[in-house]
Amino acid sequence: MMESSKILIVDDEVEYRETYRMLLEGRGFFVGEASSSQEALEILEREYYPIVLSDVIMPGKDGFYLLNEIKRIYKDLIEVIILTGYGSIESAVKAMKIGALGYFIKSRNPEELFTEIEKAKRFIKLETQNNIVKREVSSKLFLNQTKNPKMLRVLKEVDAVAQSSSNILLTGETGVGKEVIANLIHQKSKRSKELFVPVNCQAISDSLLESELFGHEKGSFTGATSRRIGRFEEANGGTIFLDEMGEMSLSTQVKILRVLDNKQIERIGSNKQINVNFRLISATNRNLPKEIELGNFREDLYYRINTINIEIPPLRERKEDLKGMIDFWITHFSNEMKKNIRGIDRDTEQYLLEYNYPGNVRELKNIIERIVVLATDDVLRLDTLSNRRIKEISASQNNKIIPFKEARQRFEIDYIKNALEKCDNNITQAASLMGISRRQLFNKLVEYNLKTKYF
Ligand SMILES: Nc1ncnc2c1ncn2[C@@H]1O[C@H](COP(=O)(O)OP(=O)(O)OP(=O)(O)O)[C@@H](O)[C@H]1O
């Protein structure tokens with residue numbers, strides 16, 4: 001499936017979303033849904049949709065706001081078609097002025113909608129798009145600069161396996177970059193024009209995971225209000241990345257094994273077999289042989305997913321890269337926050353070079369982001385470090401106890417950021433992982449002024 005066959009529908013009315021979904025899926029499009037402008041922007045941050053179909057009038061921010069934001073952030077990489085009611089041609093004209101590619105009057109013949117979509121597809125130049133995405137991705141990574149022998153071996157292994165179709169298991173501690181490497185393998189493979197579909201098996205409850213992976217037919221269970229195409233189907237022709245594979249229940253493991261054997265799936269509630277051609281990359285930070293001994297992971301599945309194993313070393317074993325990575329993130333965040341940072345104070349740098357980073361690259365990245373945010377002049381200093389672990393260490397070194405309230409706030413900020421990062425900034429999934437409601441999480445984001453980062 002080409003990327004340009006993906007469409008995101010944004011409408012607060014579920015009936016409309018369902019109607020468009022049916023129409024578009026009937027024509028072979030992969031359809032995503034959002035019920036508000038905010039949700040749409042949240043989805044677009046995680047997943048690329050070249051075409052967005054948006055209603056104008058929605059509670060909260062309206063379709064014009066969404067259109068404006070999409071054009072501001074993604075420019076020509078995403079085309080927007082506005083859906084409007086009969087008799088509101090003025091709003092269609094306004095939308096075109098802001099940059100919508102076209103509009104569709106809801107009561108009209110759906111064929112007109114397909115004409116608009118075909119127009120949008122012609123505007124989206126896949127090649128340029130892929131190149132832009134790839135360039136952006138590689139400029140945001142610290143890979144080619146590595147001097148670490150173990151990472152150099154990882155990169156060699158990536159080159160060696162990329163062209164094959166073998167199943168790959170990536171192992172390594174949390175935050176070492178397993179998803180980054182999975183994506184790199186996809187980008188270097190002959191499947192790179194098709195989708196890379198990441199699924200975090202831990203962030204989704206077991207009952208929802210199967211429907212996420214295999215899809216479902218309308219009415220197959222309570223809450224299945226429309227047909228849904230699953231991730232294996234979405235990854236057809238491309239790569240599916242099952243992150244935190246070790247968290248999957250035994251019953252889902254059996255189903256995955258069957259898919260790997262037959263390369264066919266059945267949507268829940270249907271007995272029709274659908275052929276799927278995907279490459280599987282899995283990842284785990286668990287010791288799977290141990291989990292097999294404990295009866296938590298199937299041995300036959302382990303051998304299937306582990307045709308090739310690539311082990312990514314923890315950051316504390318990549319000492320020769322630390323200085324380069326610190327500079328890399330400083331440049332990255334100073335540019336992003338438009339701060340003119342000249343350098344880093346000696347003690348701070350020494351501290352960062354000696355720290356052992358249990359959270360690996362993710363933790364280093366978070367620490368630098370924080371010191372850059374908090375920097376009041378052009379040199380980064382230790383006293384502005386607010387990372388919880390670093391603080392704990394410095395607190396224990398100074399024997400300094402900070403007030404309970406401040407400690408709790410710091411903990412909550414770290415905890416929320418970690419949960420959001422685990423779920424690719426998906427607020428609904430993060431709230432579910434944390435065991436609180438979406439609203440409660442939203443309130444916390446407002447309280448800690450983190451809202452703008454995630455909305
Ligand atoms: N080589 C790298 N260059 C730039 N950023 C990196 C690199 N490796 C990891 N990161 C960043 O660190 C964070 C964690 O990376 P990633 O999600 O790939 O780790 P992971 O091993 O899959 O973690 P988990 O086991 O928790 O899922 C991400 O923000 C990612 O962008």
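First listed ligand is number 1; within each ligand, the first listed atom is number 1.
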Run the numbers for me: atoms of ligand 1, each under 4.0 Å from some heavy atom of [X], listed by number.
X	value
Asn285	25 (O)
Thr174	24 (P), 25 (O), 26 (O)
Asp243	27 (O)

Check if Ala283 has a non-hydrogen atom at a distance under 4.0 Å from any atom of ligand 1. no
Within-shell test, Phe241 vs ligand 1, heavy atom, strictly < 4.0 Å: no
Does [X] reach ligand 1 with a nitrogen or oxygen that is under 3.5 Å from one of the ligand's nitrogen or oxygen atoms?
X	result
Phe142	yes
Val361	no
Phe328	no
Leu141	no
Trp329	no

Under a 4.0 Å N-O cut-off, is there an ion pair linking [X] with [Y]?
X	Y	answer
Lys290	Glu293	no
Arg298	Glu291	no
Lys422	Glu244	yes

Would you say that more than 12 heavy atoms from the other residues, nucleotides or ligands in this model lie under 6.0 Å from the NZ of Lys61, or not? no
Quick check on Arg346: does its CZ atom have over 12 non-hydrogen neighbours (other residues, nucleotides or ligands) under 6.0 Å away? no
Using a 4.0 Å heavy-atom threshold (strictly under), name the region of Val176 that reaches ligand 1: side chain, backbone, both or neither. both
Closest approach of any protein heavy atom to [atom], naming residue and atom:
atom	result
atom 28 (C) of ligand 1	Glu421 OE2, 3.4 Å
atom 22 (O) of ligand 1	Glu179 N, 3.1 Å
atom 15 (O) of ligand 1	Gly177 CA, 3.8 Å
atom 30 (C) of ligand 1	Val180 CG2, 3.8 Å

May I ask you to check whether Thr146 and Arg318 show a side-chain donor-acceptor distance below 3.5 Å? no
Where Gly246 and Leu288 come nearest, the two heavy atoms and their spacing: CA-CD2, 4.0 Å
Side-chain touch Met151/Gln145, heavy atoms, less than 4.5 angstrom: no
Looking at side-chain heavy atoms only, is the closest gap between Leu445 and Ile416 below 4.5 Å? yes
